[in-house]
Amino acid sequence: SLETSGALDIGEVDARVMRVVDIKTPASGEAEKNRWENLLLLTRHDEIKFVLCDESDYQWAKQILQQHRLADKCAVLFSPVHGMLDAAKLAEWVLRDRLPVRMLLQLHKLLWSNAPGY
């Protein structure tokens with residue numbers, strides 16, 4: 001598998017590789033780097049990931065999810081930024097809105113407090 005920020009073209013990646021593509025949210029300060037053309041290249045064995053800072057990011061990601069019908073293309077992951085967005089609150093929103101997404105926690109931050117080298 002290959003995890004990428006989503007700022008680079010994934011079209012040249014070997015088709016046998018599972019691509020995990022991040023979509024940068026507005027609160028990340030990097031949303032302008034998103035390469036939206038990548039959404040057209042996603043396949044069923046790829047994943048798309050949103051790392052969410054707050055409720056505004058959640059609403060934005062929900063809109064992108066629906067607008068681009070992402071759940072029909074690949075698995076969609078929502079992850080709360082550790083220390084910024086409570087995971088239980090994110091889970092409540094996902095359940096309330098019945099979103100077809102999986103939640104993912106930033107394990108490296110939970111296990112090693114974001115120490116260098118992890």
Side-chain angles (χ1 to χ4, degrees):
S1 71
L2 170 72
E3 188 160 346
T4 175
S5 70
L8 301 173
D9 182 3
I10 63 169
E12 298 298 317
V13 177
D14 188 303
R16 297 171 293 177
V17 174
M18 180 184 120
R19 300 166 296 189
V20 182
V21 179
D22 280 3
I23 296 293
K24 299 299 183 186
T25 62
S28 75
E30 297 185 30
E32 72 282 349
K33 295 180 182 178
N34 290 323
R35 185 177 171 86
W36 297 106
E37 298 87 353
N38 282 337
L39 300 182
L40 300 172
L41 304 173
L42 295 170
T43 66
R44 296 299 301 163
H45 71 275
D46 295 325
E47 294 180 344
I48 195 136
K49 180 173 66 170
F50 295 85
V51 180
L52 308 170
C53 296
D54 54 29
E55 188 172 6
S56 293
D57 271 0
Y58 171 79
Q59 293 298 335
W60 181 86
K62 185 171 84 167
Q63 178 184 0
I64 299 297
L65 170 74
Q66 294 166 341
Q67 177 184 348
H68 294 278
R69 301 179 53 94
L70 294 177
D72 293 340
K73 297 176 183 186
C74 65
V76 179
L77 309 170
F78 276 16
S79 179
V81 172
H82 182 72
M84 289 188 72
L85 176 57
D86 181 63
K89 180 58 73 178
L90 177 56
E92 289 173 17
W93 298 335
V94 167
L95 291 171
R96 176 196 68 206
D97 295 339
R98 298 178 174 266
L99 295 186
V101 303
R102 294 188 340 239
M103 279 191 54
L104 177 70
L105 300 179
Q106 295 177 302
L107 286 179
H108 61 290
K109 293 186 179 184
L110 291 170
L111 297 174
W112 297 290
S113 300
N114 206 28
Y118 294 99

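Predicted, not measured: the structure shown is a model, and the values here were computed from it.
- Remark: of the listed residues I10, V20, V17, V17 is the sole one forming a side-chain contact (heavy atoms from CB on, under 4.5 Å) with L2.
- Counting heavy atoms from C-beta on, the side chains of C53 and L85 never come closer than 4.5 Å.
- Here the CD atom belonging to Q63 is positioned 8.5 Å from the NE2 atom belonging to H68, to the nearest 0.5 angstrom.
- For the pair D46 and V21, the minimum side-chain heavy-atom distance is 4.5 Å or more.
- Both L90 and L99 belong to a single network of hydrophobic side chains, linked directly or stepwise wherever heavy atoms of I, L, V, M, F, W or Y lie under 4.5 Å apart.
- The shortest distance between side-chain heavy atoms of L65 and P100 falls below 4.5 Å.
- Taking the side chain as every heavy atom from C-beta outward, I48 and L77 never approach each other to under 4.5 Å.
- When all heavy atoms of P80 and M103 are compared, the closest pair comes out as CD-CE, 4.3 Å.
- Within a 6.0 Å radius of CZ in R96, more than 12 heavy atoms belonging to other residues, nucleotides or ligands are found.
- Between A61 and L52, the shortest heavy-atom contact is CB-CD2, 3.8 Å.
- Rounding to the nearest 0.5 angstrom, the gap separating the CG atom in N34 from the CG atom in L39 is 8.5 Å.
- With H45 contributing its side chain and R16 its backbone, the two residues share no donor-acceptor pair below 3.5 Å.
- Atom CZ of residue R19 and atom OG1 of residue T43 lie 5.0 Å apart, to the nearest 0.5 angstrom.
- Counting heavy-atom neighbours within 6.0 Å of E32 CD, excluding the residue itself, gives a total above 12.
- A donor-acceptor contact shorter than 3.5 Å is absent between the side chain of S1 and the backbone of M18.
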### Task
Tell me, with the steps shown, if I64 and T25 meet side-chain contact (heavy atoms from CB on, under 4.5 Å).
CA-CA 10 Å; I64 299 297; T25 62; over 6 Å; no
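- Under the salt bridge (charged side-chain N to carboxylate O under 4.0 Å, His left out) criterion, the residue pairs touching residues 50-65 are K62-D97, with sequence neighbours excluded.
- Residues meeting the salt bridge (Lys or Arg N to Asp or Glu O under 4.0 Å) test with K89, sequence neighbours left out: E92.
- Using a 4.5 Å cut-off on side-chain heavy atoms (C-beta onward), E3 and D22 make contact.
- Using cut-offs of 30° and 60° on the angle between ring planes, the pair Y58 and F78 is perpendicular.
- In terms of hydrophobic clustering, with Ile, Leu, Val, Met, Phe, Trp and Tyr side chains grouped at heavy-atom distances under 4.5 Å, L104 and L70 are assigned to different clusters.
- Distance check: I23 CD1 to K49 NZ gives 11.5 Å after rounding to the nearest 0.5 Å.
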### Task
Applying side-chain contact (heavy atoms from CB on, under 4.5 Å), run through L8 and R35 and close with a yes or a no.
CA-CA 7 Å; L8 301 173; R35 185 177 171 86; 5.7 Å; no
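- The OG atom of S5 sits 7.5 Å away from the CD atom of E30 when rounded to the nearest 0.5 Å.
- Nearest heavy atoms, C74 versus R44: N-NH1, 3.6 Å.
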